[in-house]
Amino acid sequence: MLVTGGAGYIGSHTALALLNAGHQVVSLDNYVNCTRGALAVVSDLTGREVVEIEGDATDATLVQSVITEHNVSAVIHMAALKAVGESVEQPLDYYRNNLGSAIAVLDAMKAAGIWNFVFSSSATVYGDPESNPIPETAAIGAANPYGMTKEMIEVIMRDVAASDDRWRMTSLRYFNPVGAHESGRIAEAPVGKPNNLMPMVMDVATGKRDEVMVFGDDYPTPDGTGVRDYIHVMDLVEGHVAALEHMDNHSGYEVYNLGQGSGVSVIEMIRAVEKITGLTIPFRIVDRRPGDIAECVADPARANAELGWATTRSIEQACADAWNSQSATAG
Ligand code: UFG
């Protein structure tokens, strides 16, 4: 199995789940967006080797040689730029990198004669949904260049899958991954100031920052703050293992939501972390963040039924594991 972006937060947890399920793992990562070292910990935790290659997934020749040299039979393509705000400022970087790497990986797979492809998509393709929970059949319409790259890659996958029935393509639409492996030894460690809620709450809990800025409390939600479907990263990565197994018997293009199916508000998340840590998390209500939506919650019924996959970990568990990973990886 080749995992592009395998050294990142979701990539390293995916490598762990794949190794535990008996797969071999090759990671290709350029380390622009993550710290080094997570995959060595994954090898240590599983007692199995991860082949770690430094390089860029936009390089089709490199990807093809990795596939051939390591006898790869399937690719999970996670490598991407992922900051929504940055994508608005630097759209060309996002289109060049995210579309370029997806096309390069598909070109390399075709040239090498391997056909099983899993893609890290995002609930962001739904834009501001008409209603929640959101099924895969809902209208899509991403609201920023980052989301558009996910949407456009899904279109590319659909068209490529239709062109040759050897392709087995699965797009997994992630909701909001949080938490960490129970060991706490691999963590979400964004480079620079966190954009996302959980890493920000963790920074305040560990004293790196003074308070959480809560982006708006005037949304049409129960407490006025934004509601999201936070999914434990271990549940999320187990969804990839299930998708790969499902693909063995299904050709064509499939799309699945990977979410919990229930919503948690910003304030509820802060309260959950306070309960787990016993700390007070100072926060301040500030203006809405441009581009944010009120609510985004998955309908995971299709993945439950077709992949035989369901989440098993609670939001409290995710908070406890995120907190545990802060202390276990500190320093
Ligand atoms: N929030 C705050 N303060 C912060 C950070 C976030 O109040 O410091 C709020 C947001 O307004 C939102 C919620 O917390 O209501 C979650 O925000 P995140 O930034 O953690 O996550 P988003 O739902 O905005 O974005 C995530 C991913 C994107 C992806 C999107 C939809 O980061 O990559 O889900 O799938 F596109």
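We count ligands from 1, going down the list as the structure has it; atoms in each ligand are counted the same way.
- Contacts between Asp292 and ligand 1, counted as non-hydrogen atom pairs separated by less than 4.0 Å, involve the side chain only.
- Scanning all protein heavy atoms for the shortest distance to atom 9 (C) of ligand 1 gives Val266 CG2, 3.6 Å.
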List, one per line, each side-chain donor-acceptor pair under 3.5 Å for residues 33-45, sequence neighbours excluded.
residue: Arg36; atom: NH1; partner: Glu54; partner atom: OE1; Å: 3.1
residue: Arg36; atom: NH2; partner: Glu54; partner atom: OE2; Å: 3.2
residue: Ser43; atom: OG; partner: Leu39; partner atom: O; Å: 3.4
residue: Ser43; atom: OG; partner: Arg48; partner atom: O; Å: 3.2
residue: Ser43; atom: OG; partner: Val50; partner atom: N; Å: 3.3
residue: Asp44; atom: OD2; partner: Arg185; partner atom: NH1; Å: 3.2
residue: Asp44; atom: OD2; partner: Arg185; partner atom: NH2; Å: 3.0

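- A donor-acceptor pair shorter than 3.5 Å can be found between the side chains of Glu86 and Tyr94.
- Using cut-offs of 30° and 60° for the angle between ring planes, the Tyr256 and His246 rings count as perpendicular.
- Ion pairing between Glu274 and Arg271 holds under the 4.0 Å rule for side-chain N and carboxylate O.
- Nearest protein heavy-atom neighbour of atom 12 (C) of ligand 1: Arg228 NH2, 3.6 Å.
- In the vicinity of Ser122, heavy-atom distances shorter than 4.0 Å reach the ligand 1 atoms 29 (C), 31 (C), 35 (O), 36 (F).
- Of the possible donor and acceptor atoms, one in the side chain of Asn30 sits under 3.5 Å from a partner among the backbone N and O of Val32.
- At a 4.0 Å heavy-atom cut-off, ligand 1 does not touch Val227 at all.
- For atom 31 (C) of ligand 1, the choice among Thr124, Val84, Val286, Ile293 with the nearest heavy atom turns out to be Thr124.
- Against a heavy-atom cut-off of under 4.0 Å, Ala123 is close to the following atoms of ligand 1: 35 (O).
- Listed by number with element, the atoms of ligand 1 under 4.0 Å from a non-hydrogen atom of Tyr174 are 35 (O).
- Judged by the shortest distance from any of its heavy atoms, Phe283 lies outside the 4.0 Å radius around the atoms of ligand 1.
- In this structure, Asn116 CG and Arg166 CZ are separated by 12.0 Å, a value rounded to the nearest 0.5 Å.
- When Ile270, Asn196, Asn195, Ile285 are checked for heavy-atom proximity to atom 32 (O) of ligand 1, Asn196 turns out nearest.
- The closest side-chain donor-acceptor pair between Thr206 and Gln326, if any, does not fall under 3.5 angstrom.
- Distances shorter than 4.0 angstrom do not occur between any heavy atom of Tyr219 and any atom of ligand 1.
- In this comparison of Tyr230, Tyr126, Tyr146, the heavy atom closest to atom 28 (C) of ligand 1 sits on Tyr146.
- When the options Lys110, Met109, Arg168 are evaluated for a side-chain contact (heavy atoms from CB on, under 4.5 Å) with Trp115, the one that passes is Lys110.
- Annotation: atom 17 (O) of ligand 1 to nearest protein heavy atom, Arg289 NH2, 3.4 Å.
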Query raised in the report: When you look at Arg313 and Glu238, which way does the salt bridge (charged side-chain N to carboxylate O under 4.0 Å, His left out) test go after all the steps?
Result: CA-CA 12 Å; Arg313 297 162 179 92; Glu238 286 168 10; 2.9 Å; yes

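- Numbered from 1 in the order shown, with element, the atoms of ligand 1 that lie under 4.0 Å from a heavy atom of Val214 read 7 (O).
- The closest donor-acceptor contact from the side chain of Asp56 to the backbone of Asp59 lies at 3.5 Å or more, if one exists at all.
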**Report entry** Test log, rule salt bridge (charged side-chain N to carboxylate O under 4.0 Å, His left out), inputs Lys193 and Asp203
**Finding:** CA-CA 9 Å; Lys193 188 179 178 194; Asp203 269 11; over 6 Å; no

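- Counting protein heavy atoms only, atom 20 (O) of ligand 1 is closest to Leu197 N, 2.8 Å.
- Met213 O, 2.7 Å is the protein heavy atom nearest to atom 3 (N) of ligand 1.
- Shortest contact from atom 7 (O) of ligand 1 to any protein heavy atom: Phe215 N, 2.9 Å.
- If you check which protein heavy atom lies closest to atom 22 (P) of ligand 1, you get Asn176 ND2, 3.6 Å.
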